[in-house]
Asks: 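Next up is a structure, given as structure tokens.
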Amino acid sequence: MSDVAAKPVVSAWTRRRLRLSRLVPYLLLQALIVIACVLMLRLVPPDDPDDYAVSEFSLVEDGATRSVTLPHFTSSRYSLADPPIYAGTFTRAPGDAKTAWSVFLPRFSNAVEVAVNGVVVLDSRRDDTANRPDRNTPQIVVIPSSLLRDGSNQITLRLFVWGPLKGFLDTVYVGPDDKLRDAYDTRALLFVTVPVVLSAWQSLLAVILAIMWLMRRREPVYGVLALGMLVGAVQAFVPPPVPPAPYPRIAAILLASAPIESALVVVFAVLFFGWRWPRLGLLIFAPGLTIFMVGLFASQPLPRIVFLFLGVPTVGVCLMLLAIIVTRAVIKRQDAASFVFGCAVTIVLTCWFHDMLQVFEIIQDERTFVTRLSYSAMLVAIGAGLTWRFARALNQVDSFAGQLVTRVREAEERLKASFVREEERARAAALANERTRLMRDLHDGLGGQLISIVALSERGNTGATITDAARAALKDLRLVIDSMDDIGGDLMLALGSWRERAAAQLRPHDIALDWRVTSPQGLPLHPELRPWHVIQIVRILDEAVTNAVKHASARHIKVTIETLDGGPDGPYGVISIEDDGKGFALAVNGADNGEALAAGLAARGLRNMKSRAARCGAALDIGSGPTGTSVRLQLPQRFPDNDAASR
């Protein structure tokens with residue numbers, strides 16, 4: 001009992017140790033990633049040309065004037081009227097008159113108007129993409145040379161702020177354009193070009209994933225991620241309207257897109273790792289929908305305030321949920337996809353904490369948001385990974401299909417070989433059956449006649465009797481030999497030979513043969529026609545003619561060959577033999593011995609004729625009377641392969 005009770009305890013401890021052994025290295029790896037991210041963020045933004053920095057300004061705000069040093073934060077505002085005005089001076093040496101000078105603004109929020117010596121040279125409100133607080137869009141403008149003068153010059157900046165975030169103006173740089181341009185280009189590359197490229201990739205992968213989902217509806221993971229990436233792409237490419245805007249409700253959609261995008265990514269993670277979606281999981285979409293509804297029915301600035309206190313935390317909560325989901329997946333699956341996904345989530349979560357520390361000014365004198373940039377990079381990486389997995393699955397399917405085609409081809413070859421062997425066996429069996437039938441025909445026909453010749457010879461008969469028997473045997477032998485000819489299923493060829501023999505047989509008896517073929521084609525072709533079929537038919541016709549000669553004393557015999565319509569099964573052939581003899585009587589009561597013998601021979605001949613017709617699948621109809629005898633042989637539409645088929 002003690003061993004049985006201790007076994008589950010040991011198993012649970014083993015599982016706990018296994019999970020811990022997987023969790024600790026993963027957490028250490030994530031800690032290293034966090035440290036690396038912090039160090040990387042210290043390098044952003046890049047170094048600016050401090051030799052041309054203008055930091056000392058006088059600030060006019062709410063009617064009061066005071067001296068400030070840039071970077072500087074101003075209070076949040078919800079109106080563009082009466083913006084804070086920064087006024088400062090810079091000096092241009094007389095030797096710099098031939099050099100173009102510029103004003104470089106690394107960072108500001110939300111919009112700025114720059115004037116040099118009282119003339120406006122830059123108004124960022126005309127550039128919607130430069131006015132987004134989540135972007136770190138730099139601005140640079142060349143100062144017209146006519147505005148500059150040697151010595152002291154005045155620069156004035158009006159900072160337009162709207163929304164719950166405080167306004168921010170970074171250090172201003174004024175100097176030779178070639179000295180400032182490199183710093184501007186570096187910032188433009190990091191905060192303008194790279195986000196646009198990532199957003200473009202995000203849009204492209206969203207379309208690809210949407211197509212993949214349309215092709216594989218049973219895998220909603222592609223559709224959910226495509227929808228999330230599409231929402232993020234709309235958020236990236238559609239700038240929020242600057243107040244006053246003609247369509248302020250559009251801002252509600254754009255503000256709600258960030259928490260909805262994050263919630264969709266959480267849903268994707270749950271589906272991707274194959275976990276059951278919790279019953280109350282849809283509540284994760286509630287913040288985004290709330291912001292959307294507030295934006296539709298409330299005027300500014302309420303939607304922005306709701307977004308700051310509801311939307312931004314929702315993004316952080318979703319990132320933490322992602323981190324938990326991925327960590328569980330790493331412990332359970334220990335695969336490369338979980339590790340990569342977990343590292344990406346850690347990077348984005350670190351960037352989100354970095355941005356929050358700046359929003360709450362825990363990190364002083366900085367305002368560089370990187371969450372959106374890292375989030376787009378993570379989605380692009382996930383989308384590329386899914387696309388690569390889908391392409392790999394297609395390759396595996398193609399490989400499997402190729403293996404199936406090879407196996408089917410091999411099976412087909414084996415089947416063909418088996419079919420050839422079976423066909424050879426069937427051909428050999430058919431030849432054996434044909435040989436057996438020919439042997440039987442020779443035994444029944446030629447063999448019996450040879451025995452008759454031997455018997456007549458042993459009895460001392462000579463002359464015409466033995467000669468007639470020998471001729472009959474020779475006729476039967478010719479019949480068998482002629483039936484072996486390849487007539488290609490055309491029975492008319494065999495009937496043509498029979499006609500010659502019949503005419504030669506009837507000529508000594510002075511009996512006329514009337515040969516009529518009523519249809520142009522004679523008889524239908526029968527590819528299945530075999531020599532033994534021909535033998536049976538010819539012997540039936542021989543028997544009919546012999547009866548007309550021996551028993552009916554006929555003077556005229558008419559042979560009619562015709563083809564009749566057999567309905568849907570096709571036409572069939574009919575061979576009719578009629579004579580004008582007295583007919584022949586069957587076995588009847590009261591006949592004398594001679595008549596009884598003739599009737600017995602005729603009855604046996606008729607039975608043989610009917611038996612041969614049945615073996616060929618044909619129908620035989622015989623009629624006999626004082627005016628003559630008629631034999632009608634109706635051929636089958638398809639001759640049987642063997643005797644058994646006809647029975």
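Position 1 is the first residue of the sequence; numbering continues from there.
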Asks: Rounded to the nearest 0.5 Å, what separation is found between the CH2 atom of Trp498 and the CG atom of Leu541?
Replies: 4.5 Å
Asks: Tell me, do Gln202 and Leu198 make a side-chain contact under 4.5 Å, heavy atoms counted?
Replies: no
Asks: Rounded at 0.5 Å granularity, tell me how far CZ in Arg638 sits from CD in Glu528.
Replies: 4.5 Å
Asks: Checking Arg216 against Trp213: charged group under 6.0 Å from the ring centre and within 45 degrees of the axis?
Replies: no
Asks: Between OG of Ser199 and CZ of Phe237, what distance do you get to the nearest 0.5 Å?
Replies: 4.5 Å
Asks: Would you say Trp201 has more than 12 foreign heavy atoms packed within less than 6.0 Å of its CH2?
Replies: no
Asks: I need the Met212 CE to Leu214 CG distance, nearest 0.5 Å.
Replies: 11.0 Å
Asks: Keeping His533 on the side-chain end and Arg530 on the backbone end, is there a donor-acceptor pair under 3.5 Å?
Replies: yes
Asks: Quick one: does Phe268's side chain get under 4.5 Å of Leu322's, heavy atoms only?
Replies: no
Asks: Is the backbone of Gly402 close enough, under 3.5 Å, to the side chain of Thr406 for a donor and an acceptor to pair up by distance?
Replies: yes
Asks: Mind running salt bridge (Lys or Arg N to Asp or Glu O under 4.0 Å) on Arg555 and Asp580 for me, showing each step along the way?
Replies: CA-CA 6 Å; Arg555 308 306 303 168; Asp580 58 350; over 6 Å; no
Asks: Is a side-chain donor-acceptor pair under 3.5 Å present for Ser624 with Thr629?
Replies: yes
Asks: Are the side chain of Thr563 and the backbone N or O of Gly522 linked by a donor-acceptor pair below 3.5 Å?
Replies: yes
Asks: Counting N and O atoms only, with roles assigned by atom type, does the side chain of Glu578 sit under 3.5 Å from a partner on the main chain of Lys558, one being a donor and the other an acceptor?
Replies: no
Asks: Check whether Thr546 reaches the backbone of Asp542 with its side chain - one donor and one acceptor, N or O, closer than 3.5 Å.
Replies: yes
Asks: Would you call Ile211 and Leu209 a side-chain contact if the rule is heavy atoms closer than 4.5 Å?
Replies: no
Asks: If only atom types and distance count, is the side chain of Arg612 paired as donor or acceptor with the main-chain N or O of Gln536 below 3.5 Å?
Replies: no
Asks: So do the side chains of Ile575 and Leu495 get within less than 4.5 Å of each other, counting heavy atoms only?
Replies: yes
Asks: Does any part of the side chain of Phe272, heavy atoms only, come nearer than 4.5 Å to the side chain of Leu225, both counted from C-beta?
Replies: no
Asks: Check this for me, if you would: do Arg409 and Glu412 make a salt bridge, where the nitrogen-to-carboxylate-oxygen distance has to be below 4.0 angstrom?
Replies: no
Asks: Could you walk me through whether Ser262 and Tyr375 pass side-chain contact (heavy atoms from CB on, under 4.5 Å), step by step?
Replies: CA-CA 9 Å; Ser262 302; Tyr375 210 101; 3.5 Å; yes
Asks: Looking at Trp275, I'd like to know if the NZ or CZ of Arg328 sits under 6.0 Å from its six-membered ring centre while staying within 45 degrees of the ring's axis.
Replies: yes
Asks: Can you find a heavy atom in the side chain of Phe273 that is under 4.5 Å from one in the side chain of Ser338?
Replies: yes
Asks: Enter the distance from Ile540:CD1 to Lys610:NZ here, rounded to the nearest 0.5 Å.
Replies: 11.5 Å
Asks: Are the side chain of Ser21 and the backbone of Arg17 linked by a donor-acceptor contact shorter than 3.5 Å?
Replies: yes
Asks: Within the structure provided, determine whether Val574 and Arg632 are in side-chain contact (heavy-atom separation under 4.5 Å).
Replies: yes
Asks: Determine, step by step, whether Glu422 and Arg425 satisfy the salt bridge (Lys or Arg N to Asp or Glu O under 4.0 Å) criterion, reporting the C-alpha distance in whole Å, the side-chain angles of both residues, the deciding distance to 0.1 Å, and the verdict.
Replies: CA-CA 5 Å; Glu422 192 63 28; Arg425 282 196 291 268; 2.5 Å; yes
Asks: Would a 4.5 Å heavy-atom cut-off, applied to side chains only, mark Leu513 and Arg499 as touching?
Replies: yes
Asks: Using side-chain contact (heavy atoms from CB on, under 4.5 Å), reason through Cys318 and Ile284 one step at a time and then give a plain yes or no.
Replies: CA-CA 8 Å; Cys318 289; Ile284 198 173; 3.7 Å; yes
